[in-house]
Amino acid sequence: MTQDSPAPSVVPVMVPMPAERPYSYAVPPGMAVAPGSIVRVPLGPREVAGIVWDGDGGKVDPRKLRPISQVFDCPAIDAPMRRFVDWVADYTLSPPGMVARMLLRAPAAFDPEPWIDGIARTHALPDRMTAARVRVLELADEGMSWTRSGLAHAAGVSSTVIDGLREQGVFEDVKLPPRPVVAAPDPGYVTPALNPDQAAAASTLREKAGQAAFSVTLLDGVTGSGKTEVYFEAISAALDRGAQVLILLPEIALTHAFLERFQDRFGAKPAEWHSDLPPRMRERVWRQVAEGQVRVVAGARSALFLPFMELGLVVVDEEHDPAYKQEDRVFYNARDMAIVRAHIAGFPVILASATPSIETRVNALSGRYGRVALPARYAEAALPDLKAIDMRRSPPARGGFLSPVLLDAARKTLSRGEQALFFLNRRGYAPLTLCCVCGHRFQCPSCSSWLVEHRFRGQLVCHQCGHTEARPEACPSCGALDHLIACGPGVERIAEEAVGHFPDARIIVLSSDLLGGVRRLRLELEAIAKGEADIVIGTQLVAKGHNFPNMTLVGIVDADLGLANGDPRAAERTFQLLSQVTGRAGRTGKKSLGLLQTYQPDHPVMKAIVSGDAEAFYDKETDERQRAAMPPFGRLAGLIVSAATRAEAEGHARTLRRAAPRAGDIDVLGPAEAPLALIGGRHRFRLLVHGDKRSDIQKFVRSMLAAADKPRGSVRVQVDIDPQSFL
DNA sequence: AGCACGCCGACT
DNA sequence: GTCGGCGTGCTC
């Protein structure tokens, strides 16, 4: 580093806490830091890792200044990444320190990985040769470095043979660089066989991905059309030009199956990044991404904050998936922030989905994003026959929820030795429990939503905040014994009904409260794929990313569920979910069937699913949102949260109405009546702020913060936006 | 976000 | 008489 000008003696450092701006620290004499350096600094009673930021650090009482304790031997956070942090903080109205915290989540990674003890061949020769020594030297003379045990193992000899040679000076001790977490992917490992549609799409994407220039391209193709194979070609092009690549996936889609597909194409797995990664591996991946040794990462949304050295392409798979929204601390949508990161650093983004979000589709149609379409399923993977079951005409038996039409189809499916899926997006046994003597309904004490009965566990659970209580025998209100009745179905109840109809069938229930976590879930999914179940009953987690080759019937138990919950995105979400679920069938060329139980067969969502005319649905939905000025086309832009009681929330709303020019456009929502609500926490009410522009919301929020009695702590600002445009 | 300080209930 | 609950406030 050139030292023309003296190093500044005070620098701003972004520390991982809710600070509005970087703090200033003194640079001890002889210490060299530059913007982006990762440093250890004292903060209150402890020491934390921070990032040296840009600028002069502002004015601080010099008596408060404390010195930087250490500069980590670690690649610096580059300028585009720092601008990204600033941008995300500004956009999400969160303190920049909290955004910085997201990229400092691998504490031990800031120190270099230790080098490994190894041995290397010298020019010396052994005193005499033995068969074992010959084998060892043949391997060693190929020029590679080895660890002692590695070489012994490879040569099939005892490590004492190596020790003997080492004593004679035939080998010397060397330090080997740390082992890569994954092998380097080979862009040309295989040349995939693509059909003409795929080849055309791949060629467009290769061209985009081959350029180090900002672009966004939507890859739009029905489930089973081979989107993954197509975007792999784009990845190959990006690797060819020396770029690192990030594939963002919804957490649940980060499966073994995906990694294998990648390996089949590139000869090596991508590095994984998600919340279940063991700490040690997390650190190694972080470090090797920063050093540029890892070339491809497949990760959940937090992977966007990895300190890539040469990031040159982001693929956002299933771009419509709500899992891309982080809904605590810093609220962000990783899909949108990926585009921002690409815009800042100047590289391409690919958004892939069979059911794009409305806002992405609008951006594609308006020309803001490019669009590549894959029109059909390939090979023999035909789409299933889709039909609505009008539940008014074919009602279920008394006390049941499965229509005779669906049961009949399931019977035929099972008799052919094939599998059926009953889909119901509701965990537990029943969504509402009431006392049939006094009418008491079980409600969550902290957020007033209905408690869902989980019969397997014998508990009543609040799906809003996680509150649980034991299911009592007697009504807590009138004391009547054994008069509690379950209202409505959950997957457990559907399983009970299915067992009644198909006593000999092997039935599996899959939902996120499956005991045994992700590992168990993976095992169950594999078991199903191998045909070890006849009927699968599942919530939305069966909709994603897994292929069941023998599944030829999909029955949607309650297709209307979610349509009338007040969420402006309800129709879109339902359409996406039902498309994904029905897409589970028909992947083998066998004739397959999707049946939707509905009380509204004429609803646009049902018609779109049954007819397969997604375009018409999207057009209509887009149009309606434009007219209603609903998200993402205008009014809704943000929300403010955090009041313990409704009265307090109303108080905040009054303050805000006084401060804000658009007085009428603030709604107070309690968690129970706010399905839009992104907040899972207890005692939380939300002010929904409507505004035409994001800057309006920022103004609202800032004036509220200024006007509130307790500007710090008691009021938190969180933003939920699915913007049409945000760059 | 941590973490310390600080002021009120059930236990060795 | 102490241990410990989490409310409030601060961190360059």
Side-chain angles (χ1 to χ4, degrees), chain A residues 7-29 31-72 77 82 85-86 88-90 92-110 275 279 282 286 301-302 305 326-332 445-446 465-467 640-645 648 651-652 678-684 705-706 708-719:
Chain A
S9 59
V10 176
V11 292
V13 175
M14 200 67 91
V15 285
M17 57 156 231
E20 281 304 325
R21 51 187 184 73
Y23 283 178
S24 299
Y25 283 87
V27 183
M31 180 183 278
V33 296
S37 299
I38 299 184
V39 292
R40 196 153 53 90
V41 290
L43 182 69
R46 66 213 151 102
E47 293 217 310
V48 297
I51 306 166
V52 176
W53 221 245
D54 310 78
D56 63 0
K59 296 172 202 73
V60 188
D61 180 354
R63 300 204 315 250
K64 277 185 148 184
L65 272 184
R66 297 168 77 183
I68 294 173
S69 23
Q70 183 197 348
V71 187
F72 287 105
I77 303 300
R82 299 198 301 275
V85 170
D86 287 334
V88 172
D90 186 57
T92 61
L93 301 173
S94 9
M98 289 307 283
V99 181
R101 188 175 173 270
M102 297 194 291
L103 51 149
L104 295 171
R105 281 270 179 79
F110 312 140
S275 55
R282 193 178 191 76
W286 195 96
R301 58 174 186 253
S302 60
F305 291 89
Q326 170 145 86
E327 294 168 350
D328 61 275
R329 300 184 180 107
V330 179
F331 278 49
Y332 67 92
S446 49
C465 71
H467 165 88
I640 304 174
V641 195
S642 130
T645 64
E648 195 188 322
H652 287 321
L678 318 161
I679 319 301
R682 292 157 223 112
H683 296 293
R684 285 195 160 163
L705 288 173
D709 291 341
K710 297 179 199 166
R712 276 168 300 171
S714 72
V715 178
R716 292 192 191 191
V717 179
Q718 294 164 336
V719 181

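Values below: every heavy atom of this structure, side chains too, minus hydrogens, waters and symmetry copies. Given the structure is predicted, the values throughout are model-derived calculations rather than measurements. Order of the sequence lines fixes the chain letters, A, B, ..., with proteins taken first and strands second; residue numbering starts at 1 for each chain.
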Inset, instruction - Return the value, rounded to whole Å, for the distance between atom CZ of A:R46 and atom C1' of C:dT11. - result: 8 Å
Inset, instruction - State which of B:dA4, B:dA1, C:dC12 makes the closest approach to the side chain of A:R329. - result: B:dA1
Inset, instruction - Mind calculating the distance between CZ (A:R63) and P (C:dC12) to the nearest angstrom? - result: 14 Å
Legend entry - side-chain contact (heavy atoms from CB on, under 4.5 Å), paired with A:I51, selected from A:L104, A:V15, A:V13: A:L104
Inset, instruction - Return yes if some donor-acceptor pair links the side-chain N/O of A:R66 with the main-chain N/O of A:G44 below 3.5 Å, else return no. - result: yes
Legend entry - Among A:M17, A:M14, A:R329, the one residue meeting side-chain contact (heavy atoms from CB on, under 4.5 Å) with A:R101: A:R329
Legend entry - Separation of C:dC10 C1' from A:L43 CG (nearest whole Å): 9 Å
Legend entry - Nearest-angstrom distance from the residue atom CD of A:E47 to C1' of B:dC3: 15 Å
Inset, instruction - Let me know the distance between CG of A:D56 and C1' of C:dC12, rounded to the nearest Å. - result: 14 Å
Inset, instruction - Using a 4.0 Å heavy-atom cut-off across all strands, classify A:R21 as base, sugar-phosphate, or nothing. - result: base
Inset, instruction - To the nearest Å, give me how far apart CD (A:E20) and C1' (C:dC10) are. - result: 15 Å
Legend entry - Test applied, side-chain contact (heavy atoms from CB on, under 4.5 Å); reference residue, A:Y25; option that passes from A:L43, A:V52, A:V33, A:V39: A:L43
Inset, instruction - Measure from CE on A:M98 to C1' on B:dG2 and round the result to the nearest Å. - result: 10 Å
Inset, instruction - Report the nucleotide, chosen from C:dC12, B:dC3, B:dG2, that has the shortest atom-to-atom distance to any side-chain atom of A:R101. - result: B:dG2
Legend entry - A:M102 CE - B:dA1 C1' separation (whole Å): 13 Å
Inset, instruction - Assign A:P42 to base, sugar-phosphate, or nothing according to its heavy-atom contacts below 4.0 angstrom with the strands shown. - result: sugar-phosphate
